[in-house]
Each structure stands twice: as C-alpha cells, then as structure tokens.
Amino acid sequence: MSTSVSLSPTRRAWLRFKRNRLGFYSLVIFCTLVVLSLFAEVISNDKPLVVVYNGGTYFPIVKNYPEKTFGGDFETATDYLDPFIKEQFAKPGNWAVYPLNPYGHKTINYFAKSPNPAGPTADNWLGTDDRGRDLLAQLIYGFRLNVLFGLALTAIGVLIGVATGAVQGFFGGKTDLAFQRFIEIWGSMPELYLLIIFSAVFAPSVALLLILLSLFGWMGLSDYVRAEFLRNRQMDYVRGARALGVSNLRIMWRHILPNSLTPVVTFLPFRMSGAILALTSLDFLGLGVPPGTPSLGELLSQGKNNIDAWWISLSTFAVLVVTLLLLTFMGDALRDALDPRKADV
C-alpha cells in the first residue's frame with residue numbers, strides 16, 4: 001500500500017496499462033509496425049541497397065545511375081529487375097544486395113508470367129494488383145501513409161479541440177453560448193459534399209485532404225474538454241489561483257488543463273481509428289489521395305472491381321482490420337488505466 005501511495009498518478013496509470021496484457025502488447029506490436037513502415041524504402045524497393053560492380057561501389061537506393069553504368073546501352077535510369085542487369089551483377093566479382101521485397105509501390109512487374117492481377121507467387125508473395133504492381137509493397141507503403149495521416153489528423157484535431165473547448169469551458173457565459181451556436185452551424189455543413197466540391201476545384205493532394213478533414217474533426221473532442229473545464233473551474237485550487245492574481249491563461253494551462261486531459265488521452269486511439277477509416281473510405285470513393293499514391297482504400301476498390309482476385313481484398317482487409325483492432329485494444333486499455341474507479345497498483 002505504501003508503494004502505491006509513493007507512486008505518481010502517471011506512474012500508477014502506466015502500471016495499470018501494462019497490467020492489461022492485450023492493450024500493452026497491442027501497443028508494442030503497433031509501434032513496431034509503424035517503425036518498420038518508416039523504413040519502407042529499405043524493406044521494399046526495386047533498387048538494390050548496395051551494388052559492387054567492376055570494382056566500384058554504388059548505392060542505387062539513394063542515387064540514380066544510368067544503365068550504361070552497369071553495362072547497358074542507354075542513358076536512362078537502370079531497371080534493376082531487368083534480367084540482363086541481374087546477370088551483370090551475378091558475374092564474378094560483382095554482387096548486389098536487394099531489399100527483402102524487391103519491389104516499390106510504383107514498380108510494375110513487366111516480367112510476370114501471369115496476366116494482371118496475378119495471384120501470389122514466389123516473386124510476388126501476395127500477388128499483384130490490376131496494374132501489375134506488387135501488392136505487398138502497396139500494403140507496406142499504404143499502411144505508412146494511413147497511419148501517418150491518422151496521426152497528423154488526430155494531432156490537429158486535438159490541438160483545435162482542446163483550445164476551443166478550454167475557452168468555452170473556462171469563460172462560459174456568452175463566450176460559451178456563441179461557440180456552441182457556431183459549432184451547431186459548422187457541424188451541420190455537408191462534409192462529403194464539400195470534399196467533392198474541393199476535389200473538383202483543386203488538384204487532389206494529401207495536404208488538401210488533411211486540411212479539409214481537420215476543419216470538422218475537432219468538434220467531438222471540444223465538447224469533452226468543455227465539460228471538463230466547466231467542472232474544474234469551480235474547484236478550490238482554481239479559486240485560490242484567481243485570488244492570488246494568476247492570469248487566466250496561466251490558470252488554464254498550468255492548473256485546469258492537466259486535470260482535464262483524461263478524455264483527451266482516452267479517446268486518442270479511437271480518434272486515430274476514425275481518421276484512418278475516413279482516409280480509406282474517401283480513397284475507396286476516389287475522393288482521397290492523388291492517383292498513384294499507395295492507399296488501402298484504392299486497393300479495396302480494386303478488390304471490388306476484380307472479384308476473382310481474392311488476394312487483393314483479403315490482404316488489404318486483413319491489414320485494415322489488424323490496424324483497427326490494435327488501436328481499439330490500446331484505447332480500451334488506456335481507458336481502464338485512467339479510470340479513477342479502478343484499484344490503484
């Protein structure tokens with residue numbers, strides 16, 4: 001009991017989180033997958049990591065070399081999957097180290113023996129899509145894009161939601177009333193129609209999509225932060241700080257906000273799940289990232305259009321389900337760890 005008393009609230013919450021095995025191992029697996037996806041170019045790429053040719057050392061992964069460098073006839077960029085280039089690297093004294101999966105997300109396997117989309121083979125472990133691109137590479141790069149997009153959208157939504165909710169809850173009165181009316185009007189705007197309009201007017205890009213979704217993604221969290229600030233502003237420590245002449249901004253930042261972050265932290269995994277689903281859904285409808293960008297939503301759309309190519313739908317669905325399950329397990333464990341009704345460690 002004395003050990004529990006000596007621990008800080010943050011430490012006790014972390015120990016409660018670790019005690020939830022499903023949530024803790026989900027965090028470990030998810031972080032491992034994210035870190036690995038950050039090195040996608042090293043794991044899945046159509047360019048060798050290093051090449052030793054005729055006594056020279058080359059690094060194609062960081063620099064483009066013309067085909068003539070390796071005994072070819074043209075000044076164009078080298079196709080390292082070309083059988084002729086591979087024969088050059090196989091000569092005595094020459095060698096090349098390829099990534100684990102020798103395909104990038106834009107690489108088309110021109111030397112495939114089956115028409116596209118082709119099923120899983122020794123060359124393409126998960127098969128190819130309807131354009132001949134390696135499906136495993138598409139999933140690796142698409143997972144990275146979705147996760148990073150979800151993190152960015154969640155971070156922006158948290159910043160705006162916390163700021164607006166804090167102002168509403170702390171000042172109350174007419175300020176709160178004006179914000180509530182604005183949120184009601186803003187929330188009633190047809191988000192999907194706006195996305196369709198903007199995608200028709202502007203060139204599609206990840207940045208544009210992030211900005212548009214950020215305009216609406218903060219309102220749910222703002223309500224929770226507002227409620228916490230309305231409750232905590234009546235506490236004795238806030239009244240004491242006001243009596244000492246502490247500024248409103250300092251009271252909000254140093255005193256109320258740290259005691260109002262429980263709903264913010266608890267909902268982070270679930271908000272990220274929603275952001276990933278939003279991007280996937282828009283890509284599935286053709287309103288998301290630009291064509292050619294690796295996307296889980298585009299792969300699901302390809303699976304719908306190519307029912308016989310079961311490997312496209314199955315593998316993409318598996319990646320999406322595993323990602324959302326890991327985030328859900330993490331969110332459940334985090335919610336239990338921050339629940340004050342739970343017994344302390």
Side-chain angles (χ1 to χ4, degrees), residues 7-45 49 61 99-101 104-105 125-126 135-159 161-162 206 209-210 213-214 217 221 258 261-281 283 289 293-297 299-300 315-339 342 345:
L7 295 176
S8 65
T10 303
R11 179 64 177 171
R12 288 200 298 268
W14 170 246
L15 292 177
R16 286 197 296 268
F17 181 84
K18 288 184 65 176
R19 195 165 55 186
N20 188 319
R21 298 294 183 184
L22 186 59
F24 177 72
Y25 287 119
S26 295
L27 175 63
V28 173
I29 295 173
F30 181 77
C31 291
T32 302
L33 293 176
V34 172
V35 171
L36 288 176
S37 70
L38 296 178
F39 297 93
E41 286 78 9
V42 178
I43 299 173
S44 182
N45 204 323
L49 304 178
I61 197 171
L100 184 63
N101 183 46
H105 66 88
W125 299 341
L126 297 181
L135 189 59
L136 177 58
Q138 288 283 305
L139 292 174
I140 294 174
Y141 286 87
F143 172 80
R144 180 175 68 177
L145 175 65
N146 277 50
V147 169
L148 294 182
F149 183 89
L151 283 172
L153 186 59
T154 301
I156 295 174
V158 167
L159 290 176
V162 168
V206 177
L209 196 62
L210 183 62
L213 292 180
S214 299
L221 183 60
L261 287 179
T262 297
V264 177
V265 177
T266 301
F267 280 99
L268 282 179
F270 302 108
R271 290 185 61 81
M272 188 170 174
S273 298
I276 292 175
L277 279 177
L279 179 62
T280 303
S281 301
D283 288 339
V289 296
T293 306
S295 165
L296 299 181
L299 290 177
L300 288 177
S315 56
T316 307
F317 183 74
V319 170
L320 192 59
V321 168
V322 169
T323 302
L324 297 180
L325 280 178
L326 292 176
L327 289 170
T328 301
F329 293 149
M330 290 161 52
D332 289 338
L334 195 58
R335 180 190 57 197
D336 293 340
L338 296 175
D339 190 345
K342 299 292 182 179
V345 179

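If you're wondering where the values come from, they're calculated on a predicted model, not measured in any experiment.
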Quiz item: Distance from F149 atom CZ to S295 atom OG, nearest 0.5 Å?
Solution: 10.5 Å
Quiz item: Got a donor-acceptor contact below 3.5 angstrom from the S44 side chain to the A40 backbone?
Solution: no
Quiz item: Between CD1 of I140 and CG of N101, what distance do you get to the nearest 0.5 Å?
Solution: 5.5 Å
Practice problem: Identify the two heavy atoms, one from G23 and one from A333, that lie closest to each other, and give their separation to 0.1 Å. | Solution: CA-CB, 3.6 Å
Exercise. Supply the atom-to-atom distance D332 CG to F17 CZ, rounded to the nearest 0.5 angstrom.
Key: 10.5 Å
Self-check item: Side-chain donor/acceptor of T293 to backbone N/O of V289, under 3.5 Å
Solution: no
Exercise. Not counting sequence neighbours, list each pair that qualifies as a salt bridge (Lys or Arg N to Asp or Glu O under 4.0 Å) and has a residue in residues 143-158.
Key: E41-R144
Self-check item: Contacts of type side-chain hydrogen bond (donor to acceptor under 3.5 Å, both in side chains), residue T323, not counting sequence neighbours
Solution: none
Quiz item: What is the minimum heavy-atom distance between P294 and L145, and which atoms define it?
Solution: O-CD2, 3.1 Å
Self-check item: Heavy-atom donor-acceptor pair, R19 side chain to F24 backbone, under 3.5 Å
Solution: no
Quiz item: Would L210 and S214 count as a side-chain contact (heavy atoms from CB on, under 4.5 Å) if you check the C-alpha gap in whole Å, the side-chain angles of each, and the deciding distance to 0.1 Å?
Solution: CA-CA 6 Å; L210 183 62; S214 299; 4.2 Å; yes
Exercise. Would you check if P99 and L49 make a side-chain contact, meaning some heavy-atom pair closer than 4.5 Å?
Key: yes
Exercise. Apply side-chain contact (heavy atoms from CB on, under 4.5 Å) to the pair L148 and L38, showing each step before the final yes or no.
Key: CA-CA 9 Å; L148 294 182; L38 296 178; 4.2 Å; yes
Exercise. Could you give me the CA-CA distance, side-chain angles and deciding distance for L135 and L299, then say whether side-chain contact (heavy atoms from CB on, under 4.5 Å) is met?
Key: CA-CA 9 Å; L135 189 59; L299 290 177; 3.8 Å; yes
Quiz item: Between atom CG of L338 and atom OG1 of T262, what is the distance when rounded to the nearest 0.5 Å?
Solution: 5.5 Å
Quiz item: If you look at every heavy atom in F30 and L327, which pair is closest and at what distance?
Solution: CZ-CD2, 3.9 Å
Practice problem: Determine the minimum heavy-atom distance between F329 and S26, stating which atoms define it. | Solution: CB-OG, 3.3 Å
Exercise. Output, in order, the C-alpha distance, side-chain angles, deciding distance and verdict of side-chain contact (heavy atoms from CB on, under 4.5 Å) for V147 and M272.
Key: CA-CA 8 Å; V147 169; M272 188 170 174; 3.6 Å; yes
Quiz item: Got a second to check how far L277's CG is from L324's CG, nearest 0.5 Å?
Solution: 4.5 Å
Quiz item: If you look at every heavy atom in L296 and T316, which pair is closest and at what distance?
Solution: O-CG2, 3.4 Å
Quiz item: If every non-hydrogen atom of I276 is compared with every non-hydrogen atom of L320, which pair is closest and at what distance?
Solution: CG2-CD1, 4.1 Å
Quiz prompt | Parallel, tilted or perpendicular, as decided by the 30° and 60° cut-offs, for the rings of Y141 and H105 | solution = tilted
Quiz item: In Å and rounded to the nearest 0.5 Å, what is the CG to CG distance from D336 to L334?
Solution: 9.0 Å
